[in-house]
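Quantities reported herein were computed from a predicted structural model and do not represent experimental measurements.
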Amino acid sequence: NAYEDSNGIGRFVDYADLPDALVEDIIPNHFGESMNEESKARILKISGTYSKARTVGRTWKEDSQKKEEAARPEIRAASTKYLLPVWEKLKRLS
């Protein structure tokens with residue numbers, strides 16, 4: 001599979017762990033770049049901006065739970081059947 005073929009250069013990152021995983025693990029450990037407090041603060045500030053906003057400066061808000069609750073039962077069942085096993089495997093590999 002793609003992960004095994006990556007020769008150790010690939011990384012799985014759980015969306016729920018962002019942006020902290022960037023500044024605490026990925027940038028310093030995976031990319032080998034040092035992170036000073038100013039760099040960390042800039043990344044955390046930018047991560048709070050909604051990237052798909054049509055207006056500049058719109059604040060990002062967590063809405064995963066709201067979207068999950070709005071999903072039809074068929075979508076939830078399909079996600080559990082087909083996506084959950086893949087997500088669990090990725091978590092074990094990371």
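- Rounding to the nearest 0.5 Å gives a distance of 10.0 Å between CD of E69 and NZ of K66.
- Between H30 and D25, the closest side-chain pair of non-hydrogen atoms is not below 4.5 Å.
- In the hydrophobic cluster analysis, where Ile, Leu, Val, Met, Phe, Trp and Tyr join through side-chain heavy atoms closer than 4.5 angstrom, M35 is grouped together with F31.
- Criterion: ILVMFWY side-chain heavy atoms under 4.5 Å apart, direct or through other members. Under it, Y15 and V13 are part of a common hydrophobic cluster.
- Proximity of I27 to I43: side-chain heavy atoms (C-beta onward) are separated by under 4.5 Å at one or more points.
- Expressed to the nearest 0.5 Å, how far CZ of F12 lies from NZ of K89 amounts to 8.5 Å.
- Within the 4.5 Å cutoff, side-chain heavy atoms of E24 are placed close to those of K40.
- L44 places a side-chain heavy atom less than 4.5 Å from the side chain of D20.
- Linking Ile, Leu, Val, Met, Phe, Trp and Tyr whenever their side-chain heavy atoms come within less than 4.5 Å puts V23 and L18 in one cluster.
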